Amino acid sequence: MRASQKDFESALSQVKLLKDPGNEVKLKLYALYKQATEGPCNTPKPGVFDLINKAKWDAWNALGSLPKETARQNYVDLVSGLSSSSDSSSQVKPEADRKQPGYETLVVTSEDSITKIMMNRPAKKNAMTTQMYNEIMLALKAASKDDSAITVLTGNGDYYSSGNDLSNFTDIPPEGIEEKAKSGAILLRDFVDCFIDFPKPLIAVVNGPAVGISVTILGLFDTVYASNRATFHTPFSHLGQSPEGCSSYTFPKIMGPAKAAEMLIFGKKLTAAEACAQGLVTEVFPDSTFQKEVWTRLKAYSKLPPNAMRISKQVIRNREKEKLHAINAEESRVLQERWLSDECTNAVMNFLTRKAKL
Ligand SMILES: CCCCCCCCCCC/C=C/C(=O)SCCNC(=O)CCNC(=O)[C@H](O)C(C)(C)COP(=O)(O)OP(=O)(O)OC[C@H]1O[C@@H](n2cnc3c(N)ncnc32)[C@H](O)[C@@H]1OP(=O)(O)O
């Protein structure tokens with residue numbers, strides 16, 4: 001539900017009653033107030049020695065073109081969070097209360113300047129349905145514009161993700177399988193484009209085994225943290241398919257052509273330690289302390305200056321962007337043909353009829 005003008009005004013009165021929330025939060029409140037009432041920052045940048053006004057200006061300017069209504073909503077949410085934490089400072093809000101509405105296959109939360117996108121089909125090992133691809137794209141677009149500093153993709157349950165939901169192959173439209181393959185290739189291309197273009201630091205928190213497209217897109221993340229329970233598996237040849245997610249380019253670049261071929265052509269499954277040694281994973285943590293260690297680290301990173309992080313990412317990514325888009329287009333085109341092959345149809349039917357388990 002969107003915050004009304006009345007909610008906003010009541011948050012403005014409430015904020016005066018709060019105990020001092022500290023400079024960082026005060027700057028956030030100031031920036032959201034200015035954005036909600038005046039829109040994007042429209043005043044000249046104060047001089048470097050005008051420290052206080054420059055900090056305020058920076059905070060406002062960092063909100064970019066965030067719409068007034070969203071800023072108003074974020075202001076109301078922030079004040080309400082501060083009020084409830086000052087009511088009971090040790091009380092942690094349950095995730096269900098913080099989660100953003102409108103997603104069926106994901107749980108999306110924003111806290112401590114981190115937007116967390118969690119795939120949430122644990123009973124199906126977080127297999128990606130067409131709805132999940134679309135919701136991840138929506139969540140990434142929203143995260144690119146919200147006031148978080150970093151964005152995380154992770155999975156709920158024992159798997160990170162088992163990749164493409166193979167039942168995506170079953171609902172063939174009346175226009176036939178060719179049309180399905182065509183729309184699948186467009187979906188795939190749009191999905192991977194969102195990762196290529198994502199402007200903020202993007203971190204994968206790989207909580208368990210990862211298969212197929214959930215592995216290939218890791219090459220487009222800035223950092224990949226893995227539990228030692230995670231494995232990395234791209235069984236494309238077994239499925240009569242071919243690499244996507246720009247992995248035909250990123251994997252040889254990351255791990256060298258020979259190791260990439262073993263994964264992408266022969267479907268070799270890597271342990272987390274192997275994936276780390278090959279450079280696909282940044283760091284591996286024991287499963288027993290994985291969540292605690294990773295989130296402590298991410299909370300510290302999220303306090304770094306967000307503009308500097310965003311600009312550093314752009315400097316790294318911009319050089320490659322055009323190439324990555326071209327590779328994504330080519331991989332999607334090749335897969336569109338593969339999906340129509342007997343090799344692919346038979347492999348998918350085998351899985352769906354339980355003759356094979358990969
Ligand atoms: C023309 C069509 C176009 C479509 C649009 C496509 C858009 C983009 C496509 C991008 C290309 C992507 C490629 C890939 O990702 S390839 C990789 C695909 N994934 C797999 O092949 C994994 C298949 N799953 C398995 O091998 C096993 O399930 C797994 C090893 C992951 C786990 O085994 P385990 O024995 O532990 O658990 P279950 O098998 O009992 O699984 C529990 C339930 O979850 C269901 N499940 C799991 N994974 C998938 C999946 N990928 N697709 C569909 N369903 C999945 C499984 O069936 C069980 O369900 P039930 O409890 O109902 O039986």
Side-chain angles (χ1 to χ4, degrees), residues 105 119-137 153 155-195 204 206-220 229-248 251 263-271 327-358:
T105 64
M119 296 175 274
N120 190 32
R121 298 184 72 222
K124 298 287 180 185
K125 312 289 181 195
N126 297 320
M128 296 176 169
T129 53
T130 52
Q131 182 179 8
M132 190 189 283
Y133 290 114
N134 282 310
E135 290 190 358
I136 291 176
M137 287 193 276
L153 183 64
N156 188 16
D158 61 342
Y159 260 65
Y160 176 67
S161 168
S162 62
N164 188 38
D165 190 310
L166 296 173
S167 64
N168 283 336
F169 290 91
T170 54
D171 62 340
I172 307 300
E175 301 80 43
I177 178 77
E178 285 81 6
E179 245 344 276
K180 176 82 191 176
K182 198 169 153 195
S183 63
I186 293 171
L187 177 65
L188 172 63
R189 188 175 166 176
D190 289 347
F191 178 73
V192 175
D193 276 347
C194 282
F195 286 85
V206 185
N207 52 298
V211 187
I213 189 164
S214 73
V215 176
T216 57
I217 53 169
L218 293 177
L220 298 170
R229 253 188 354 94
T231 52
F232 298 82
H233 186 202
T234 53
F236 298 128
S237 299
H238 299 69
L239 291 165
Q241 298 186 34
S242 50
E244 21 62 358
C246 294
S247 58
S248 62
F251 278 28
M263 276 194 88
L264 296 175
I265 302 177
F266 302 121
K268 182 180 179 194
K269 189 192 282 187
L270 301 190
T271 62
I327 287 158
N328 181 26
E330 173 67 359
E331 288 177 347
S332 303
R333 188 193 63 71
V334 172
L335 249 182
Q336 182 178 338
E337 285 171 17
R338 284 276 86 214
W339 286 330
L340 300 174
S341 69
D342 288 345
E343 286 179 346
C344 177
T345 313
N346 292 337
V348 172
M349 284 311 140
N350 276 344
F351 174 78
L352 294 174
T353 55
R354 295 289 152 172
K355 278 192 217 139
K357 195 141 274 181
L358 296 165

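Order of appearance sets the numbers: ligands from 1, and atoms from 1 within every ligand. Keep in mind that this is a model prediction, so the values were computed, not measured.
Atoms of ligand 1 lying under 4.0 Å from at least one heavy atom of F169, given by number and element, are 1 (C), 2 (C). Atoms of ligand 1 lying under 4.0 Å from at least one heavy atom of A123, given by number and element, are 42 (C), 43 (C), 44 (O). Short contacts between ligand 1 and A127, defined as distances under 4.0 Å to a heavy atom of the residue, involve ligand atoms 49 (C), 50 (C), 51 (N), 52 (N). Atoms of ligand 1 found under 4.0 Å from any heavy atom of G212, numbered from 1 in the order shown, are 14 (C), 15 (O), 16 (S), 17 (C). Heavy-atom contacts of G163 reach the following atoms of ligand 1: 15 (O) (cutoff under 4.0 Å).
To the nearest 0.5 Å, atoms OG1 (T105) and CG (N126) are separated by 9.0 Å. How far CZ of F232 is from NZ of K268: 13.5 Å, rounded to the nearest 0.5 Å.
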Review item, side-chain donor-acceptor pairs of residues 162-169, under 3.5 Å, at least two apart:
from : atom 1 : to   : atom 2 : distance (Å)
S162 : OG     : K125 : O      : 3.4
N164 : OD1    : Y133 : OH     : 2.8
N164 : OD1    : N168 : ND2    : 2.7
D165 : OD1    : S167 : N      : 2.8
D165 : OD1    : S167 : OG     : 2.5
D165 : OD2    : R121 : NH1    : 2.9
N168 : OD1    : T130 : N      : 3.3
N168 : ND2    : M128 : O      : 3.0
N168 : ND2    : D165 : O      : 3.2

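Close N/O approach between I213 and ligand 1 is found [any backbone or side-chain N/O within under 3.5 Å]. Below 3.5 Å of separation, one finds an N or O of K124 facing an N or O of ligand 1. Checked against a 3.5 angstrom limit, the closest N/O atoms of N164 and ligand 1 fall inside it. Backbone and side-chain nitrogen or oxygen atoms of L188 are examined, and none is located within less than 3.5 angstrom of a nitrogen or oxygen of ligand 1.
Atom 49 (C) of ligand 1 has its nearest heavy-atom neighbour, among S162, A181, G245, in S162. Evaluated by nearest non-hydrogen atom to atom 16 (S) of ligand 1, the leading choice among T345, L239, D190 is L239. The heavy atom nearest to atom 9 (C) of ligand 1, out of those in Y159, W339, F236, is found in W339. For the residues E244, H238, K125, R338, the heavy atom positioned nearest atom 41 (O) of ligand 1 is part of K125.
In this structure, Y133 has a heavy atom closer than 4.0 Å to ligand 1. Contact analysis leaves S183 out of contact with ligand 1, as no non-hydrogen atom separation drops below 4.0 angstrom.
In this structure, the side chains of F251 and V215 come closer than 4.5 Å at one or more pairs of heavy atoms.
Without hydrogens or angle criteria, N328 side chain to C246 main chain gives no donor-acceptor distance under 3.5 Å.
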